[in-house]
Amino acid sequence: MPRSNSIASLDVAYHLHPYTNLRQHQERGPLVITEGRGIYVKDDAGKEYLEAMSGLWCTALGFSEERLVAAAAKQMRRLPFSHAFANKTHEPVAELAERLIALMPAPMSKVFFNNSGSEANDTALKLVWYYNNALGRPRKKKVIARMKGYHGVTIASASLTGLPANHRDFDLPIANIRHADCPYHYRFAHAGESEEEFATRLAENLDLMIQREDPATVAAFIAEPVMGAGGVIIPPKTYFEKIQRVLKKHDVLLIADEVICGFGRTGNMFGSETYGLKPDILTLAKAVTSAYLPLSATVVSEEIFAALLTQSDKLGAFAHGYTYSGHPVACAVALETLAIYEERDILGHVRQVAPRFQAGLQRFAAHPLVGEARGVGLLGALELVQDKATKASFDAKLGVGAVIEGLCREHGLIVRPLAGDTIAFCPPLIVTEAEIDEIWERFGAAFEEAAAKLGSA
């Protein structure tokens, strides 16, 4: 138990934690992070950790970018708050909207600002429904997501999420949400089925699903370019090309969830560029401010905006929005973040160091406990298995992923265990080649300890 009168004890006494085993937290207490510098953070005992998850896939510029601090302070002094309701605006929000539209991987028209990735996807769902009502298609409301996809934790976005833990005892999913096949070649391909053949089968299955549901009732399909929290699942070759043909055939909108992939993570500004997506709606968050302040956006095509405009004429107002939509301080930080990405050629840097990161990841691929090493850009994962030949997973009760994560902490490395004993890596985009080597050195030491423990067990 944490010592009394400490931050840890206060936390246990009063703080309800997200995504935490609440009983274990009561017994063990938290890891208290107190400061950060570059890609490293320190705890309240002064121990330093290399943050190989960018916090939660988000702190792209590391933990001590003074320009972002200065941008926030400057805006805070000038205009700490203003809203966008009833025709009001301010400089940072208008400039940021223009900047984001210019960066889009497909032609887009307008940006709606939210505060989190969950809200961005929640907004996307509402806009899809509003859009089809504007077009006189009240039955075209179903949205297809994918098993193991992750889109957030609000009621709607958690319903889109294809992970059972996000549904159990929350009375989810809500109506009109469907889940299609997960494009997880390692686990779900048939014996001898190539990536291209697997992609063809999944596209055919999606076509059949839409036909079963009735195309007149299916409104949209939502997908992450790379599935993050579901296991860092890389789409099989030709997957999105074939999926988009099906969507076009049935007049189904494509929503690209770029919350993790956006702003350079895959080696392009957006994962949609990496995998050839042409979305009608795009959602973004996390790295847009390097997570220094909460901000997200839902970006829509001109076709969708035109329908919103018509419906607003009919109803008198577009009645959706948040108090903090386009908060001026968050927008100012986002503008400075985008300026840094451009001035420092962060994309060029990612492309330069990503091969070293991926090579380090692949060095573990042959290990008897690693079923698959997969990744793209500065994003990667190792899936752990009990039997490499059969792909048999460990008994979930063993908590293998959590064991390895704990040993990584002991070696001064923060990673994230995902469902299915998959260890995820997502270092800040500013990581150097020397720091990449350090990630794999620290992980290797922790992994060998874990392998020894598992072997003796």
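For this chain, numbers begin at 1 and follow the sequence in order.
In this model, a donor atom of one side chain and an acceptor atom of the other lie less than 3.5 Å apart for Y184 and E383. Residues T274 and R265 bring no donor and acceptor atom of their side chains to less than 3.5 Å of each other. Looking only at atom types and distance, the side chain of E241 has no donor-acceptor partner in the side chain of T238 under 3.5 Å away. Side chains of N114 and T298: a donor-acceptor N/O pair is present below 3.5 angstrom, by distance only. Side-chain atoms of T161 and N166 include no donor-acceptor pair closer than 3.5 Å.
Applying the side chain to side chain donor-acceptor pair (under 3.5 Å) definition to pairs two or more places apart or across chains, those involving residues 344-354 are E65-R344, N268-R351.
Surrounding NZ of K242 are more than 12 heavy atoms belonging to other residues, nucleotides or ligands, all under 6.0 Å away. Counted within 6.0 Å of NZ on K391, heavy atoms from surrounding residues, nucleotides or ligands total more than 12; the atom is thus considered enclosed.
Between Y239 and Y275, a ring centre-to-centre spacing not shorter than 6.0 Å is recorded. The ring of H320 has its center closer than 6.0 angstrom to the ring center of Y322.
With respect to E438 and R442, a salt bridge is recorded, a charged nitrogen being found less than 4.0 Å from a carboxylate O. Using a 4.0 Å cut-off between charged side-chain N and carboxylate O, R201 and D181 make no salt bridge. Between D207 and R245 no salt bridge is recorded (no basic side-chain N to carboxylate O distance below 4.0 Å). Comment: E372 does not engage R187 in a salt bridge, judged by the lack of any side-chain N to carboxylate O separation of less than 4.0 angstrom.
Looking at I346 and I430, their side chains come closer than 4.5 Å, going by heavy atoms from C-beta outward.
Within the cation-pi definition used here (under 6.0 Å to the ring centroid, within 45° of the axis), K286 does not qualify as a partner of F263.
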Derivation of the side chain to side chain contact (heavy atoms under 4.5 Å, CB included) call for L398 and V403
CA-CA 8 Å; L398 294 175; V403 168; over 6 Å; no
